[in-house]
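First up is the structure itself, then whatever we jot down about it.
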Amino acid sequence: MSQVDEVTGALLEVTLAGTSTVPSADANLEDAHVTIGATVPTGFEFTAAAEVEEKLGCPCKISKDRGKIYFDIKKDRLAQVHRLRSVDNLFVIVKEFSDFPFKETKEDALKDLGDLAEKLPWESALSAWELNNSLKKRKKRKKPGYPGKEKKQPVTVNKISEEMQDSPKTLPSSVAEGQGTQNPDKEADTPPDSEGKDNGTASGNVLKFRVTCNRAGDKHSFTSNDAARDFGGAVQEHFQWKADMTNFDVEVLLNISYNEMVVGIALTEESLHRRNITHFGPTTLRSTLAYGMLRLCDLQPSDVIIDPMCGTGAIPIEGVSEWPGSFFLAGDNNKQAVNRTGSNIQSLLRKHQSPESAPSNLRIDAVHWDISSLPLRDGSVDVIVTDMPFGKRMGSKKKNWDLYPACLREMSRVCRAGTGRAVLLTHDRKCFIKALAKAGHLWRKVHTVWVNIGGLHAGVYLLKRTSFDSTKETQRESQLADPAPCPKDE
């Protein structure tokens, strides 16, 4: 039985409060569906949608708001959703509005948001949140060495609803504050939740919550904080929950993009891209972005893949986790980076190791080398995937004018002529295009994906190795650099 099947089976056996189970409307999990929203690396929405359709068999909708996808799934498959490699954060949709009529005046617009809270269909989304929350608690208990906690009485949607019927819906003196992000053109990330909180339970059987608003558009009469505050106050009045901005149990999401609006409940406490890396460097690549780059290559079993400028090893570590039949080699000219990669590989080995099983060997290694002179045979590599220096935090744009052409030449030497592929990420587009033009007889550009990395507009270039023999060019260059001596006259 696979790990996913075991976790899914454990999910179906969960009881949420004493002898109480999921509400009767959702008792048959096989037939209960919810809409899941996921944030993905900007530019890789189609890659993420393809992964969802391939692994879950669900049709996927790509949002007009870049970096988001939506799909319907049965509740008993929530465990498999968390195993997707291309998604950063997950949330369950309460309600989606394709054309919400925002009023022109601030007061009227905020009043509509406040009135919306008690009209939304919360039951299905909260039931999915409870199942997801119980799954995370069971996974923690299964971890070896996980310290046990005192058993607290769980809080369920049914119990909250019963308390609401017995008590009047009056707004507490402390109005729910909202945490919002405001940028007319770009969405912002919510900071990760604090560790150590007890998910799904709260002291005194009262759930703690916060509202996070992400807003895009310049025609709204209100700010993100205004929307989060007023909508949060209405949610607090409706459920009688307690507002807490840091140690919260439920995070209600209010995503507004121009005239579109989505209300959801977060299913992840922190981004899933943190799954592999334990030793970070100054320019650590997100695992979700690394997966998107690797997926562009169409990796096959027994392929040899190298990352010649690996940094902390995010790309090869992500690759060996998803494509265990291939061989991955990471390298860097910085010894500290190679050491970080080695530490991250050891962490991955410990993660894959279980007390009952034999030691597992992953097909991955880290090497200290120089990108301009790789210790590899000609044509010995199938795929090259790397994050090239942007010239911002590492290196400089001036050095890139010499580095990029040298990289493309050396990569063409070790990559198999005719079948080899390369996926290269860089922000220094001008320098890269110039270098690629000079190496046009060695590499052919197939596709470009534009991504947003920390506010920087970067490109992911998929290249195909031509059939040209680069060794002949190397021999010719060496002859020009060291011409044969002229014969002496006798």
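Interatomic distance, CG of L348 versus CD1 of I364, reported as 7.0 Å (0.5 Å rounding). How far CG of L126 is from CG of L207: 8.5 Å, rounded to the nearest 0.5 Å. Taking OG1 of T42 as the reference point, atom NE2 of H457 lies at 10.5 Å (rounded to 0.5 Å). Atom NE2 of H33 is separated from atom NZ of K75 by 11.0 Å, given to the nearest 0.5 angstrom. Remark: L78 CG to I73 CD1 distance equals 7.0 Å, nearest 0.5 Å. Taken to the nearest 0.5 Å, the CD atom of Q236 stands 12.0 Å off from the CZ atom of F239.
Every side chain to side chain donor-acceptor pair (under 3.5 Å) that D108 has, sequence neighbours left out, goes to T105.
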Q.
For a side-chain contact (heavy atoms from CB on, under 4.5 Å) check, start with the C-alpha distance between W122 and V263, then their side-chain angles and the critical distance, and finish with the verdict.
A. CA-CA 10 Å; W122 295 96; V263 181; 4.2 Å; yes

**Q.** Evaluation steps, side-chain contact (heavy atoms from CB on, under 4.5 Å), between L289 and V451
**A.** CA-CA 9 Å; L289 182 55; V451 297; 4.3 Å; yes

Q | salt bridge (Lys or Arg N to Asp or Glu O under 4.0 Å) assessment of D112 paired with K103 | A | CA-CA 8 Å; D112 287 346; K103 299 293 178 61; 3.3 Å; yes

Q.
Could you go through F100 and L116, starting from their C-alpha distance and side-chain angles, then the distance that decides it, and tell me whether this counts as side-chain contact (heavy atoms from CB on, under 4.5 Å)?
A. CA-CA 11 Å; F100 191 84; L116 185 65; 4.2 Å; yes

Q: Start with the C-alpha gap between L425 and I453, add the side-chain angles, then the distance that decides, and say whether side-chain contact (heavy atoms from CB on, under 4.5 Å) holds.
A: CA-CA 10 Å; L425 167 65; I453 303 178; 3.6 Å; yes

Q: Test side chain to side chain donor-acceptor pair (under 3.5 Å) on N344 and T278 and set out the steps.
A: CA-CA 6 Å; N344 287 323; T278 56; 3.1 Å; yes

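Exactly one residue among I317, I315, N276 makes a side chain to side chain contact (heavy atoms under 4.5 Å, CB included) with S287. That residue is N276.
In this model, a donor atom of one side chain and an acceptor atom of the other lie less than 3.5 Å apart for D72 and T35. Of the N and O atoms on the side chains of Q80 and R83, not one donor lies less than 3.5 Å from an acceptor on the other residue. In this structure, a donor-acceptor pair under 3.5 Å is absent between the side chains of S343 and R340. A donor-acceptor pair shorter than 3.5 Å can be found between the side chains of T212 and E251. A donor and an acceptor atom, one from each side chain of T39 and D88, are nowhere located under 3.5 Å apart. The closest side-chain donor-acceptor pair between D303 and S326, if any, does not fall under 3.5 angstrom. Between T223 and D226, the side chains place a donor N or O and an acceptor N or O closer than 3.5 Å (distance only, hydrogens not considered). Counted by atom type alone, Q300 and D298 present one or more donor-acceptor pairs between their side chains at under 3.5 Å.
Looking only at side-chain heavy atoms (C-beta outward), V446 and L463 stay at 4.5 Å or farther from each other. At a threshold of 4.5 Å between non-hydrogen side-chain atoms, the residues I93 and F91 count as touching. Taking the side chain as every heavy atom from C-beta outward, L294 and V423 never approach each other to under 4.5 Å. Considering only heavy atoms from C-beta on, V383 stays 4.5 Å or farther from V304 through its side chain. At least one side-chain heavy atom of L272 sits less than 4.5 Å from a side-chain heavy atom of L90. Residues V252 and F231 form a side-chain contact, since some pair of their non-hydrogen atoms from C-beta on lies under 4.5 Å apart. Contact annotation: the side chain of T448 never approaches that of L462 to less than 4.5 Å [non-hydrogen atoms, C-beta and beyond]. With contacts defined as side-chain heavy-atom distances shorter than 4.5 Å, the pair T288/F44 does not qualify.
One finds no salt bridge joining K119 and D115 here, because no Lys/Arg side-chain nitrogen approaches an Asp/Glu carboxylate oxygen to under 4.0 Å. The pair K61-E96 meets the salt-bridge criterion, with a side-chain N (NZ, NE, NH1 or NH2) lying under 4.0 Å from an Asp/Glu carboxylate O.
Counting only distance, with no hydrogens or angles, the side chain of T386 and the backbone of M388 share no donor-acceptor pair below 3.5 Å. Between the H427 side chain and the L456 main chain, no donor and acceptor come within less than 3.5 Å of each other. Without hydrogens or angle criteria, D99 side chain to E260 main chain gives no donor-acceptor distance under 3.5 Å. Looking only at distances, a side-chain donor or acceptor of R275 sits under 3.5 Å from a matching main-chain atom of R85. R210 places a side-chain N or O within donor-acceptor distance of the main-chain N or O of M245, the cut-off being under 3.5 Å. A donor-acceptor distance shorter than 3.5 angstrom exists from the side chain of R215 to the backbone of G217, with no hydrogens or angles considered. For the pair D332 (side chain) and A337 (backbone), a donor-acceptor distance under 3.5 Å is absent. Under the 3.5 Å distance criterion, the side-chain polar atoms of S63 are left unmatched by any main-chain donor or acceptor of K68. Using a distance-only test at 3.5 Å, with no hydrogens or angles considered, no donor-acceptor pair links the side chain of D244 to the main chain of F209.
Scanning both residues, A48 and V40, for their nearest heavy atoms gives CB-CG1, 3.6 Å. The two residues T341 and A366 have their closest heavy-atom pair at CG2-CB, 4.0 Å. Residues P308 and V385 share a closest heavy-atom pair of CD-O, 4.3 Å. Scanning all heavy atoms of the two residues, the minimum distance from A109 to F222 falls at CB-CD2, 3.8 Å. Across every non-hydrogen atom of I256 and A227, the tightest pair is CD1-CB, 4.5 Å. Contact between E270 and N89 at its shortest, heavy atoms only, is C-OD1, 3.8 Å.
Atom CZ of F97 is surrounded by more than 12 heavy atoms from other residues, nucleotides or ligands within 6.0 Å.
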What pairs of donor and acceptor atoms, side-chain ones from residues 52-59 against any protein atom, are under 3.5 angstrom apart with sequence neighbours left out?
{"from": "E54", "atom 1": "OE1", "to": "R295", "atom 2": "NH2", "distance (Å)": "2.7"}
{"from": "K55", "atom 1": "NZ", "to": "E51", "atom 2": "OE2", "distance (Å)": "2.9"}
{"from": "K55", "atom 1": "NZ", "to": "E322", "atom 2": "OE2", "distance (Å)": "2.7"}

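Under the ring-ring contact (aromatic ring centres under 6.0 Å, His included) criterion, the residue pairs touching residues 274-297 are Y291-W323, with sequence neighbours excluded.
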